[in-house]
Amino acid sequence: MKVLVLNCGSSSVKFQLIETSPELAAGAQDRRLARGSVERIGEASVPDHEQAIRLALASLTDPQQGAIRQLEEIQAVGHRMVHGGEHFRESVVIDQAVLKAIEECVPLAPLHNPHNLTGYFASRRLLPNARHVAVFDTAFHQTLPPKAYTYGLPHALAARYRLRRYGFHGTSHRYLMLRFAQIHGSAPAAHRLITCHLGNGCSMCAIENGRSVDCSLGFTPLEGLLMGTRTGDIDAAAVLHLMGWEKLSLERMDALLNKESGLYGISGISNDVRTLLEEARAGNPRARLALEVFCYRIQKYIGAYYAVLGGADAVIFSAGIGENAPAIRAAVCDPLDALGIRLDSAKNEAAVGLEMDISAAEARTRVWVIPTNEELLIARDTVRCLSVG
Ligand code: ADP
């Protein structure tokens, strides 16, 4: 089945056309037929999401370079939805009840869900014969136990505002779990895993019995690891202190925490790990500090999740930084000998954008690099939902 995977953000639409089957094991049948993105939605040439999707579809059916001849070949659309709240534990075929539940989650993800929904409505108009499936960033983490997702807030207030840890990047963490099991010819439930998605946004997940039991992102994608421009974990009192003394509005503080902090905020140079590694090598102390904080926080979470899981079979690195930065992986792993983590440095250096085991032969806890592929999992979920539903 040919599935259009759509990821609609505030100003961009990313898309892939994937031919796939429902089972991850059926690797040979996957084919990515096309990928692309339409940026700068809102500017004159692309006034809205509908026009963006129209452009995407035009490129797919381009007589010279298009991957398909006619739009009818697209039988299904898999939509990346950011927030499914407590409604969705897995991917679902979109119907009226599902739409209502996604709308109910808009207050939880005001910057994301509305664009995801706009993309859905536009693609339904443009592809009226296709069937549509929603795949949620939060769904995989709905298996967190209450002790992992509950914040230490007054119960009634937390309940009223649905304040709890939801976790995000679930599709990526689930892909890494499934791929690890596939590589080993085993069931996903057979492994205790610590997965590290280190991209622009960064998160870690503890996985046991095929389920997410803890994750570092929380009520929003601000908690946990240090990220490109986000603080990650911070004492809430520091936020109050800044707001009080600097007389910052909610909006200003929100931007400060999400867009001006993290690697960028500490270094004052860049949110890009490549730039910071160069600067650090050249002796820039703040670039060095930013990277130290970044790696230290990952180490702490590995230790925490090792304790949560009672040991781990493997630590998996993925996404832009995890897949491409041996220096970061070494800085994270080298001090973790006590947890049975030991890298083979030649393998670590070689693993740039490649899937491989980078641990030393004698290491008790394996360390893997696995390139993530959220779009493929969205496509497979879409086919699976449609074949059972
Ligand atoms: P997103 O979360 O937007 O999908 P990616 O997973 O593509 O992002 O990760 C983007 C980040 O990956 C960049 O900001 C950069 O810091 C990092 N990155 C990409 N390539 C490399 C590299 N070769 N070395 C170190 N970091 C890299």
- request: Salt-bridge test for R252 and E260: reply yes if a basic N is under 4.0 Å from a carboxylate O, no otherwise.
  value: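 Here R252 pairs with E260 in a salt bridge, since their nearest N and O are under 4.0 Å apart.
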- prompt: Can E73 and R69 be counted as an ion pair, charged N to O under 4.0 angstrom?
  reply: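 Salt bridge flag = no for R69 with E73.
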Looking at [X], I'd like to know if its [atom1] atom is crowded, meaning that more than 12 non-hydrogen atoms belonging to other residues, nucleotides or ligands lie closer than 6.0 Å.
{"X": "Q65", "atom1": "CD", "result": "no"}
{"X": "Y296", "atom1": "OH", "result": "no"}
{"X": "E349", "atom1": "CD", "result": "yes"}

Side chain to side chain contact (heavy atoms under 4.5 Å, CB included) assessment of L71 paired with L127: CA-CA 7 Å; L71 290 181; L127 296 167; 4.0 Å; yes
Between [X] and [Y], which heavy-atom pair has the shortest distance, and what is it?
{"X": "R174", "Y": "V135", "result": "NH2-CG1, 4.3 Å"}
{"X": "E39", "Y": "S12", "result": "OE1-CB, 3.8 Å"}
{"X": "C202", "Y": "L225", "result": "CB-CD1, 3.8 Å"}
{"X": "G119", "Y": "C8", "result": "CA-SG, 3.6 Å"}
{"X": "G201", "Y": "M227", "result": "CA-SD, 4.0 Å"}
{"X": "T220", "Y": "F168", "result": "C-CE1, 3.4 Å"}

message: The test is side chain to side chain contact (heavy atoms under 4.5 Å, CB included); show your working for R230 and L257 and say whether it passes.
response: CA-CA 6 Å; R230 299 184 208 142; L257 292 168; over 6 Å; no
message: Pairing donors with acceptors under 3.5 angstrom, does anything connect the side chains of D357 and S359?
response: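 Short answer, yes.
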query: With a 3.5 Å cut-off and no angle check, do the side chains of H173 and S203 form a donor-acceptor pair?
result: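 There is such a pair (donor and acceptor under 3.5 Å, judged by atom type) between the side chains of H173 and S203.
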Which value, rounded to the nearest 0.5 Å, describes the distance between [X] atom [atom1] and [Y] atom [atom2]?
{"X": "K14", "Y": "Q16", "atom1": "NZ", "atom2": "CD", "result": "10.5 Å"}
{"X": "I358", "Y": "K347", "atom1": "CD1", "atom2": "NZ", "result": "10.0 Å"}
{"X": "C196", "Y": "L176", "atom1": "SG", "atom2": "CG", "result": "9.0 Å"}
{"X": "I298", "Y": "I194", "atom1": "CD1", "atom2": "CD1", "result": "12.5 Å"}

Compare all side-chain heavy atoms of [X] with those of [Y] and state whether any distance is below 4.5 angstrom.
{"X": "V315", "Y": "T365", "value": "yes"}
{"X": "V5", "Y": "L17", "value": "no"}
{"X": "H191", "Y": "F180", "value": "yes"}
{"X": "T382", "Y": "I378", "value": "yes"}
{"X": "M243", "Y": "E246", "value": "no"}
{"X": "E208", "Y": "L193", "value": "no"}
{"X": "L226", "Y": "L263", "value": "yes"}
{"X": "I370", "Y": "I183", "value": "yes"}

- prompt: Among pairs that include at least one residue of residues 152-168, which meet side-chain hydrogen bond (donor to acceptor under 3.5 Å, both in side chains), considering only residues two or more places apart or in two chains?
  reply: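 Every pair satisfying side-chain hydrogen bond (donor to acceptor under 3.5 Å, both in side chains) with a residue in residues 152-168: E86-R164, R165-E223.
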Between [X] and [Y] (side chain of the first, backbone of the second, donor and acceptor by atom type, cut-off under 3.5 Å), is there such a pair?
{"X": "D344", "Y": "A346", "result": "yes"}
{"X": "Y151", "Y": "F219", "result": "yes"}
{"X": "S267", "Y": "R286", "result": "no"}
{"X": "R366", "Y": "A360", "result": "yes"}
{"X": "T138", "Y": "G84", "result": "yes"}
{"X": "N284", "Y": "A280", "result": "no"}

Is the ring centre of [X] less than 6.0 Å from the ring centre of [Y]?
{"X": "H83", "Y": "F136", "value": "no"}
{"X": "H79", "Y": "Y120", "value": "yes"}
{"X": "H141", "Y": "H169", "value": "no"}

field: Partners meeting ring-ring contact (aromatic ring centres under 6.0 Å, His included) with F294 (sequence neighbours left out)
entry: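 F294 satisfies ring-ring contact (aromatic ring centres under 6.0 Å, His included) with no residue once adjacent residues are dropped.
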task: Under the ring-ring contact (aromatic ring centres under 6.0 Å, His included) rule, collect the residues that match up with Y301, sequence neighbours excluded.
output: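 Result, ring-ring contact (aromatic ring centres under 6.0 Å, His included) vs Y301: Y305.
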Does [X] belong to the same Ile/Leu/Val/Met/Phe/Trp/Tyr cluster as [Y], with side-chain heavy atoms less than 4.5 Å apart forming each link?
{"X": "L217", "Y": "M81", "value": "no"}
{"X": "F317", "Y": "V352", "value": "no"}
{"X": "F88", "Y": "V93", "value": "no"}
{"X": "I269", "Y": "Y264", "value": "no"}
{"X": "V133", "Y": "L376", "value": "yes"}

Give the table of side-chain donor-acceptor pairs shorter than 3.5 Å for residues 44-52, with sequence neighbours excluded, one pair per line with atom names and distance.
| from | atom 1 | to | atom 2 | distance (Å) |
| --- | --- | --- | --- | --- |
| D48 | OD1 | E50 | N | 3.3 |
| D48 | OD1 | Q51 | N | 2.9 |
| H49 | NE2 | G9 | O | 2.7 |
| E50 | OE1 | R125 | NE | 2.8 |
| E50 | OE1 | R125 | NH2 | 2.5 |
| E50 | OE2 | R54 | NH2 | 3.2 |
| Q51 | OE1 | R54 | NH1 | 3.1 |

Could you pull out all donor-acceptor pairs under 3.5 Å where a side-chain atom in residues 320-336 meets a protein atom, sequence neighbours excluded?
| from | atom 1 | to | atom 2 | distance (Å) |
| --- | --- | --- | --- | --- |
| E323 | OE2 | S318 | OG | 3.2 |
| E323 | OE2 | A319 | N | 2.8 |
| E323 | OE2 | T372 | N | 2.9 |
| N324 | OD1 | G353 | N | 3.4 |
| N324 | ND2 | G320 | O | 2.8 |
| R329 | NE | N348 | OD1 | 2.7 |
| R329 | NH1 | G322 | O | 2.8 |
| R329 | NH1 | E323 | O | 3.4 |
| R329 | NH1 | A351 | O | 3.3 |
| R329 | NH2 | N348 | O | 2.8 |
| R329 | NH2 | N348 | OD1 | 3.1 |
| R329 | NH2 | A351 | O | 2.6 |

field: Of I74, T20, L386, the residue whose pairing with M1 passes side-chain contact (heavy atoms from CB on, under 4.5 Å)
entry: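 By the side-chain contact (heavy atoms from CB on, under 4.5 Å) criterion, M1 pairs with just one of I74, T20, L386: L386.
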CA sep, side-chain torsions, deciding dist, call: S261, L256, side chain to side chain contact (heavy atoms under 4.5 Å, CB included): CA-CA 6 Å; S261 297; L256 200 146; 4.1 Å; yes
message: As a quick check of understanding, evaluate side chain to side chain contact (heavy atoms under 4.5 Å, CB included) for I207 and R192, giving each step before the final call.
response: CA-CA 6 Å; I207 300 175; R192 289 169 302 178; over 6 Å; no
- prompt: What pairs with D137 under side chain to side chain donor-acceptor pair (under 3.5 Å), at least two apart in sequence or on another chain?
  reply: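 For D137, the residues satisfying side chain to side chain donor-acceptor pair (under 3.5 Å) (neighbours in sequence not counted) are R80.
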